[in-house]
Amino acid sequence: LERNVQTFIGCDAGYYEAETVIFGAPFDSTTSYRPGARFACAAIRNESDYAIETYSPYQDTDLADKKIFDAGDLELPFGNALRSLEIIETFAKGILEDGKKLAMIGGEHLVSFGAISAAFARHPDLKIIHFDAHADLRRDFLGERLSHASVLQRAWQLTGDARIFQFGIRSGSREEFEWGKEHIWTEMFTANRAAEIAADLKDSPLYLTLDLDVLDPSEFPGTGTPEAGGLTWKELLQALLAFKNNNIAAFDLCELSPHYDHSGVSTALACKTLREMLLMY
Ligand SMILES: [Mn+2]
């Protein structure tokens, strides 16, 4: 007999043999509009058994061919963003120091900063690929510097100029966009230039952060800050797969908020997206 431990489908390797480690960061305390992303990690694991196959016809690869360890969810102190980020960073550093790749399930988008900090410590030349509806470049949100609306601004403070590449952005303040033109690279509204950027960055270690609200709310309504005019899932997949042959050191998938989509389609979409990202590694 074996203990009943729920993992993401097909991800049942042991830690020492694993090439990739999944963990969840169920935190949504700085969400400015509709909270609930803390429930995404459990929903994705639970639904993955029913919603998707382990085999991807897009990549002709199977999760069963990979060695992936699912570490479960971190215990994060709700309401304490600084401490939560420290816990995420410490955990992520341990995995990266063991020579493994990292796959984090959010959580709101702020959790990315903990994992980005860990990846940056290991790869000082790290570059960040960012899919999102929102620029996330505010210096602070209502005075809070640790906010899901500031996560890429915090990341820039680590990496500096010309190291962040954004796709699908269609919402933000005038100040964010004006600041962004000076310091980062942005493709507004679409992600058609992903292959071009992937080729430019072929020698760089990458952190890929996916805020699922980059998708159009008609396909992905289960999120805290829905923003009309987004990518189709097919467009997103094509853009993600453009980075398949790059050196992705770590990635995350954030901002599923399962309870806003009672049909469950958004959670099923998130499961399928996570499968494709795991198989890209
Ligand atoms: Mn967003």
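Just follow the structure's listing: the first ligand is 1, and inside any ligand the first atom is 1.
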Completion exercise
Answer key: the N, O or S atom of D132 nearest to the Mn ion (ligand 1) is OD1
Completion exercise
Output field for angle at the Mn ion (ligand 1), D211.OD2 vs D213.OD1, rounded to 10°, should show 90°
Handout entry: Short N/O/S contact of D136 with the Mn ion (ligand 1) (below 2.8 Å)
Key = no
Practice task
Answer yes or no: is there an ion pair linking E276 with K272, defined by an N-O contact shorter than 4.0 Å?
Solution key: no
Completion exercise
Of all N, O or S atoms in H134, the one closest to the Mn ion (ligand 1) is ND1
Practice task
Take the angle between the ring planes of F167 and F243 and call it parallel below 30°, perpendicular above 60°, tilted in between.
Solution key: perpendicular
Handout entry: F120 ring center near Y207 ring center (under 6.0 Å)
Key = no
Problem - E17 CD: over 12 foreign heavy atoms closer than 6.0 Å - result: yes
